[in-house]
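Counting convention: from 1, in listed order, for ligands and their atoms alike.
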Amino acid sequence: MEMPKTKIAMQTPLVEIDGDEMTRVLWSAIKEQLLLPFVDLKTEYYDLGLPKRDETRDQVTVDAAEAILRLGVGVKCATITPNAQRVEEYHLHEMWKSPNGTIRAMLDGTCFRAPIMVKGISPVIPAWTTTITVARHAYGDIYKNTEMTAPEGSRAEVVITAKDGTEKRALIHDFKGSGIVQGIHNTDKSIESFAHSCFRYALDTHQDLWFATKDTISKVYDHHFKDIFQEIYDSVYKKDFEAAGLTYFYTLIDDAIARVVRSKGGFVWALKNYDGDVMSDMIATAFGSLAMMTSVLVSPDGKYEYEAAHGTVTRHYYRYLKGEETSTNPVATIFAWSGALRKRGELDGLSDLMHFADCLEKATIATIEDGIMTKDLSALWTGEKPAQGVTSSVFLNAIAERLSAMLSA
Ligand code: NAP
Ligand code: MG
């Protein structure tokens, strides 16, 4: 394989956040085969593998988030969110919180998820000729809820106590039989950040922005989201949107879903926390595969964290531990690196680094379009060339060959 003579320079280090299981194995293979031969890689390394999180009592997660706030751009490997079974498996001191949750809260970020499209892997909806990006609000609602069961004959009320001690009350329900109650909240500050991140991202990527909630039913809560978006649009972004020939509109979520399905794609769809969670899984699956979904967390003041949308692919890891070569798809993790390197290049004015990121993505897509891919993709393949489902390492080698040729050209 022909290698370029000089490596591409970096200036500011990337915050490199390592993770767990199969994705941790892919992480070092991607660095070894696709990055280190070509780039004089500068990173500040944080090991968020579960053993290290446990050893540092999760301080390493906070340190990593602070590093992103300081340096501006991070790239993250998938990590285990521990449950009871993991506490046993890893002999943990505690059931540590989701690292993504901690980082999201510290960055006050919005999560943008977009599929990677290749010829030969067709969306379930044929009209989608280009991507749909889901922007998910990453704070509050049911993810910070308080819930209780209500016994027969009980009364549930909402009480808001003001600073001066005065109370506002509203009846939720008088329970004749037993039932359940849930309290949720959000804050103006977080909704405003969400709105700013969405408008900026849409302008940055030159796409229209759609926003949808259920404000006809939730006349105060969801309506408040709608009002905040509209105020921020009118006062800050309207001129820029109009100048760029872009549109922002709000519509009821039912209507949005009908329009999304009938659309061609090519827009950012902003959604509240729960709606964004489920709709991004739907969009990922409908575009082909969760392993082809990228994710970037963007803070309102322009800090970025890139990652794959999928998890640590545990089932493959257990097979890997038994000595089996797996066919785990590294594409979303490769695109996390290319996204982060491109952003770093943009912020530091390094056009060679940006060019490298473009080539890395092109080489990855070209490899698949040549019929070489992991088995999750070969199962979905509708391209003309026959598809070979290969191991991760054969796939990474095939990308490296194409990348090397592109960079030497
Ligand atoms: P997952 O790791 O995304 O995997 C679910 C299944 O999807 C896999 O078993 C595999 O199916 C398929 N899959 C996902 N990514 C793939 C890839 N790159 N290549 C090939 N197949 C792929 O989700 P999970 O099993 O629910 O979660 C596993 C662990 O990941 C959990 O500990 C969870 O906490 C963590 N997690 C982390 C993040 C994150 O850090 N962002 C996100 C989600 C989950 P087959 O086995 O059928 O091949
Ligand atoms: Mg989900």
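For Glu21, the heavy-atom gap to ligand 1 stays at 4.0 angstrom or more. Using 4.0 Å as the threshold, Lys375 has no heavy atom nearer than that to any atom of ligand 1. For the ligand labelled ligand 1, residue Met22 lies outside the 4.0 Å heavy-atom shell.
Judged by distance alone, with hydrogens and angles left aside, the side-chain atoms of Asp208 form a donor-acceptor pair with the main-chain N or O of Thr247 at under 3.5 Å. Without hydrogens or angle criteria, Thr23 side chain to Gly19 main chain gives no donor-acceptor distance under 3.5 Å. Within the 3.5 Å criterion, the main-chain N or O of Leu36 finds a donor-acceptor partner in the side chain of Lys7. Checking side-chain atoms of Asn83 against main-chain N and O of Arg86 turns up a donor-acceptor pair under 3.5 Å. Remark: the backbone N or O of Leu48 is paired with a side-chain donor or acceptor of Arg53 at under 3.5 angstrom. Lys219 contributes a side-chain N or O that, together with a main-chain N or O of Thr216, makes up a donor-acceptor pair within less than 3.5 Å. No donor-acceptor distance shorter than 3.5 angstrom exists from the side chain of Ser404 to the backbone of Ala400, with no hydrogens or angles considered.
By the 3.5 Å distance cut-off applied to N or O atoms, Val313 is counted among the residues near ligand 1. The shortest N or O to N or O distance between Thr81 and ligand 1 is below 3.5 Å.
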Next item on the list: Would you please test Arg24 and Glu21 for salt bridge (Lys or Arg N to Asp or Glu O under 4.0 Å) and show each step?
Entry: CA-CA 5 Å; Arg24 186 181 180 96; Glu21 300 195 313; over 6 Å; no
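Interface of Asn100 with ligand 1, defined as ligand atoms under 4.0 Å from a residue heavy atom, comprises 39 (C), 40 (O), 41 (N). Against a heavy-atom cut-off of under 4.0 Å, Ala78 is close to the following atoms of ligand 1: 40 (O). Heavy-atom proximity to Lys76, at under 4.0 Å, picks out these atoms of ligand 1: 40 (O). Close approach of ligand 1 to Glu307 is summarised as follows: ligand atoms under 4.0 Å from at least one heavy atom of the residue are 41 (N). Here is the list of ligand 1 atoms found below 4.0 Å of a heavy atom in Thr314: 28 (C), 29 (C).
The pair Arg342-Glu361 counts as a salt bridge, with a side-chain nitrogen and a carboxylate oxygen less than 4.0 angstrom apart. Between Glu242 and Lys238 a salt bridge is recorded (basic side-chain N to carboxylate O distance below 4.0 Å). Note on Glu384 versus Lys119: no salt bridge recorded, every NZ/NE/NH1/NH2 to OD/OE distance being 4.0 Å or above.
Nearest protein heavy-atom neighbour of atom 40 (O) of ligand 1: Thr79 N, 3.0 Å.
Atom 7 (O) of ligand 1 lies below 4.0 Å from none of the non-hydrogen atoms of the protein. At a distance under 4.0 Å, a protein heavy atom can be found next to atom 38 (C) of ligand 1. There is a protein heavy atom closer than 4.0 angstrom to atom 48 (O) of ligand 1. Closer than 4.0 Å to atom 22 (C) of ligand 1 lies at least one heavy atom of the protein.
Contacts of Arg315 with ligand 1, taken as heavy-atom pairs under 4.0 Å, involve the side chain alone.
When the heavy-atom distances from atom 17 (C) of ligand 1 to Ala332, Ala291, Ser295 are ranked, the shortest goes to Ala291.
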